[in-house]
Student: 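Below you'll find the structure I mean.
Small disclaimer: the values here were computed from a predicted structure and weren't measured. All values below were derived from every heavy atom in this structure, side-chain atoms included, with hydrogens, water molecules and symmetry-related copies excluded.
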Amino acid sequence: MFTNFYNTLISVLYPIAIKPLIINKRKKNGKEDLARFNERMGIASQPRPNGRLIWLHGASVGESVSMLPLIHKLLELAPDINVMVTTGTITSAEVMAKRLPPRAFHQYFPIDTPKFAQNFIKHWQPNLVLWFESELWPAMLSSIKKHKIPLVLVNGRISDHSYKNWKKFSFVSKELLSCFTLCLGQSELDTKRLKELGAKESLCLGNLKFAGLPLPIDETKKQTIASQIGSRPVWAVSSTHEDEEYQIGCFLKELEKEVPNLLTIIAPRHPKRGEAIKARLQDECHLTAALRSAGEAITPETEVYIADTIGEIGLWYDLCPIVFIGGSLIPHGGQNFMEPARMHDAVVVGPHMHNFKEAMSHALQAHGVIQVKDAQELHLEVTKLLTNKDYLAQNAQLAYDWTMSEAKVLDGIVDRIKGYLEQ
């Protein structure tokens, strides 16, 4: 069996190759939380809470944030239910620390070896596992199956690239997917692919990202920023990747002629890029930029405010009536465009939104999102939104109405999985 082979191989390789060559390098580069590294070896940093424990796992910030509405719903089911969230990155741990409700807590996901997985399962003994990640870790999945714990894949997505790769190794996908009690696909296509790749039971109840909670907003920070912005027109550029800031920066001087005194707020996907973004916008686009992480304020001369911080995206969506979602001017595949829509913003995306095919299809049919083909068309669309109040209000309302109509997916998922808690 594949998992037996994997577990044997990884047990041999971890001490002689993986730890010295990969893990130690991650530690050196600041990609591991040294104060909590024991958790990465399956050694818990706190006792198991009394009562029933539901374990939710997701890799990234986006996946962990998409869990929050479900976490709140699960905690409402009974007072003896607790929720543990595992992620693999420092950034996601920081976000969860700020946003998890009472009776919910965070641990780092163990490095995938049989020993670490066994340590983890033996201590926590979860009653139900909800898996939000597309990466399937054989040691952990086989350990969950061995202990006969119900395991549900939630919001499962199989991209075109992943589907082609898994088809080549169908014997592996079949064995790994057999560990899941139930697979819930984001879309009918994802559900179909999960079945073809070996899922025992696969259903489509919708995309959980449609059911997000309102983003947190620090009112004190909001008042401070709002007073610095004053009556200036403002728009947000969110979750950008490398080169997108430059593409947008190239037309900002022209846009400022059409919309005098305009302020552009850029919240990059990876905040560590803030200084590099500022330098490029100033050197190559001749823009005056301020950096939030450096404590720089928005002054009347500030043309671009770079919000290179974690956990403040709700602040920018609340202050800005227009939001452009990054990862879409370049072939990255886009980022979550539902969050600003839920906050009554007009939402604009670029041509590359293939990570959200079904959501984009629904949103475009409902006129809940504006899609442009390039930076030049983005310039024209933002100009129209900033200079036509009725057009802006109409698009903001359509975006909000669309996200609200899709939010019913949450109740369907809770109804389907809560039976596993009674087993």
Student: Flag the pair Lys98 and Asp218 as a salt bridge only when some basic side-chain nitrogen lies within less than 4.0 angstrom of an acidic carboxylate oxygen.
Tutor: no

Student: Per the side-chain contact (heavy atoms from CB on, under 4.5 Å) rule, which among Thr240, Val237, Ile277, Ile265 passes with Ile306?
Tutor: Ile277

Student: Apply salt bridge (Lys or Arg N to Asp or Glu O under 4.0 Å) to the pair Glu275 and Lys278, showing each step before the final yes or no.
Tutor: CA-CA 5 Å; Glu275 289 185 6; Lys278 178 183 178 181; over 6 Å; no

Student: Given Glu196 and Lys192, is the salt bridge (Lys or Arg N to Asp or Glu O under 4.0 Å) satisfied, shown in steps?
Tutor: CA-CA 6 Å; Glu196 291 177 4; Lys192 178 175 178 289; 2.6 Å; yes

Student: What is the ring orientation for Phe120 with Trp55, classed by angle as parallel under 30°, tilted 30 to 60°, or perpendicular over 60°?
Tutor: tilted

Student: Just say parallel, tilted or perpendicular for the rings of Phe251 and His379, cut-offs at 30° and 60°.
Tutor: parallel

Student: Less than 3.5 Å apart, which donor and acceptor atoms pair up between the side chains of residues 106-114 and the rest of the protein, not counting sequence neighbours?
Tutor:
| residue | atom | partner | partner atom | Å |
| --- | --- | --- | --- | --- |
| His106 | ND1 | Arg36 | NH2 | 2.9 |
| His106 | NE2 | Thr87 | OG1 | 2.7 |
| Gln107 | OE1 | Ser45 | N | 3.4 |
| Gln107 | NE2 | Ser45 | OG | 2.8 |
| Tyr108 | OH | Asp33 | OD2 | 3.0 |
| Asp112 | OD1 | Met140 | N | 3.0 |
| Asp112 | OD2 | Tyr6 | OH | 2.8 |
| Asp112 | OD2 | Ala139 | N | 3.0 |
| Thr113 | OG1 | Phe116 | N | 3.2 |

Student: May I ask you to check whether over 12 heavy atoms, not counting those of Trp235, lie within 6.0 Å of atom CH2?
Tutor: yes

Student: Please evaluate residues Arg193 and Asp160 with respect to the criterion salt bridge (Lys or Arg N to Asp or Glu O under 4.0 Å), reporting the C-alpha separation (whole Å), side-chain torsions for both, the decisive distance (0.1 Å), and the verdict.
Tutor: CA-CA 10 Å; Arg193 287 176 171 177; Asp160 294 343; 2.9 Å; yes

Student: Can a donor-acceptor pair be found between the side chains of Asp190 and Ser187 at a distance below 3.5 Å?
Tutor: yes

Student: Taking atom types as modelled, is there a side-chain donor on Asn119 or His123 under 3.5 Å from an acceptor on the other?
Tutor: no

Student: Taking atom CD of Gln186 and atom CZ of Arg157, what is their separation to the nearest 0.5 Å?
Tutor: 6.5 Å

Student: Does Lys73 reach the main-chain N or O of Ile413 with its side chain, forming a donor-acceptor pair under 3.5 Å?
Tutor: no

Student: Between Arg280 and Asp243, does any NZ, NE, NH1 or NH2 come within less than 4.0 Å of an OD or OE carboxylate oxygen?
Tutor: yes

Student: Pairing donors with acceptors under 3.5 angstrom, does anything connect the side chains of His241 and Gln335?
Tutor: yes

Student: Using modelled atom types and a 3.5 Å cut-off, is there a donor and acceptor pairing between side-chain atoms of Glu244 and backbone atoms of Leu329?
Tutor: yes

Student: For Thr299 and Thr302, which I'm curious about, is there any donor-acceptor pair between the side chains at under 3.5 Å?
Tutor: yes

Student: Indicate yes or no: does Glu254 engage Lys257 in a salt bridge with an N to O separation below 4.0 Å.
Tutor: yes

Student: Listed by chain and number, what are the side chain to side chain donor-acceptor pair (under 3.5 Å) partners of Lys221, not counting sequence neighbours?
Tutor: Glu312

Student: Would you check if there is a donor-acceptor pair between the side chains of Thr383 and Glu258 at a distance under 3.5 Å?
Tutor: yes

Student: May I ask you to decide if the ring planes of Phe180 and Trp131 are parallel, tilted or perpendicular, using 30° and 60° as cut-offs?
Tutor: perpendicular

Student: Donor-acceptor pair, distance only, cut-off 3.5 Å: does the side chain of Arg292 make one with the backbone of Thr309?
Tutor: no

Student: With no hydrogens and no angle check, is any side-chain donor or acceptor of His57 less than 3.5 Å from a backbone partner on Thr86?
Tutor: yes

Student: Check the surroundings of atom CD in Gln118: do more than 12 heavy atoms from other residues, nucleotides or ligands lie under 6.0 Å from it?
Tutor: yes

Student: Give a yes or no answer on whether the side chain of Glu63 reaches the backbone of Ala59 with a donor-acceptor pair at less than 3.5 Å.
Tutor: yes

